[in-house]
Amino acid sequence: MRRIVLAALFLVACAPAPARQPVHTFEGSARVLLTVQTYRLTFSENPVTHEIRGTLVNRTSGDAFQATGTLLPAPDGNLLTADISAGDSPRLNATVFGIGLRDVPLKAGALLSGTIRHDAFAGSLRVNGFSSALNMQRVQ
């Protein structure tokens, strides 16, 4: 019994520790329709699958969104593509002039795409069919 316990402890001690996923944070702004909005993107990356998970916060309005996507290596930088979703945001259920509206989200989803070169992200944020240039810098 003692040998089994020692063997198990040895195997646990030799097992590689799970690699800590790096956390990236970028801040910047975009002109959405007529107003300038500031954003903060924070995500962790799985280096094996290139999958990212994090949040995109609109610092102007205070709204936070979930970001899921990929960060793929490319010759001139890393290509980031992420679906931005409101998650469990409130939904509208109403009747207007006899027309029923059910489960309409009050926050719109978006698509974030661009290239990360060194400490800069240059890309676009597409919301409801409107695309806005988004430039952000890495922050510590």
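Scope of the values below: all heavy atoms of this structure, side chains included, with no hydrogens, waters or symmetry mates.
If you take CG on L80 and CD1 on I52, they are separated by 4.0 Å, rounding to the nearest 0.5 Å. The distance from atom CD of Q137 to atom CZ of F26, rounded to the nearest 0.5 Å, is 8.5 Å. The CD atom of E45 lies 7.5 Å from the NE2 atom of H50; values are rounded to the nearest 0.5 Å. Put simply, CG on L111 and CZ on R126 are 8.0 Å apart, with the number rounded to the nearest 0.5 Å. Distance CG/N46 to CZ/R53: 10.0 Å, rounded to 0.5 Å. In this structure, CG on L71 lies 4.5 Å from CG on N78, to the nearest 0.5 angstrom.
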Given side-chain contact (heavy atoms from CB on, under 4.5 Å), test L56 with L125 step by step and report yes or no. CA-CA 11 Å; L56 178 70; L125 183 65; 4.3 Å; yes
Check the pair Y39 / L134 against side-chain contact (heavy atoms from CB on, under 4.5 Å), numbers first and verdict last. CA-CA 9 Å; Y39 293 95; L134 177 61; 3.8 Å; yes
Could you walk me through whether D76 and R117 pass the side-chain contact (heavy atoms from CB on, under 4.5 Å) check? CA-CA 7 Å; D76 26 327; R117 287 185 191 95; 3.7 Å; yes
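Exactly one of L41, T55, V57, I84 qualifies for a side chain to side chain contact (heavy atoms under 4.5 Å, CB included) with F65. That residue is I84.
Here the shortest heavy-atom pairing between T60 and T38 reads OG1-N, 2.9 Å. The minimum heavy-atom distance linking A30 with S132 is given by the pair CB-CB, 4.3 Å. Looking at every heavy atom in both residues, G123 comes nearest to N135 through N-OD1, 4.4 Å.
Taking the charged nitrogens against the carboxylate oxygens, E27 and R59 do have a contact shorter than 4.0 Å, which makes a salt bridge.
A side-chain donor from one of Q37 and N58 sits under 3.5 Å from a side-chain acceptor of the other. No side-chain N or O of T68 forms a donor-acceptor pair with one of Q66 less than 3.5 Å apart.
Although no hydrogens or angles enter the test, the distance criterion places no donor-acceptor pair under 3.5 Å between the side chain of S113 and the main chain of T81. In this structure a side-chain-to-backbone donor-acceptor pair under 3.5 Å is present from R31 to L34.
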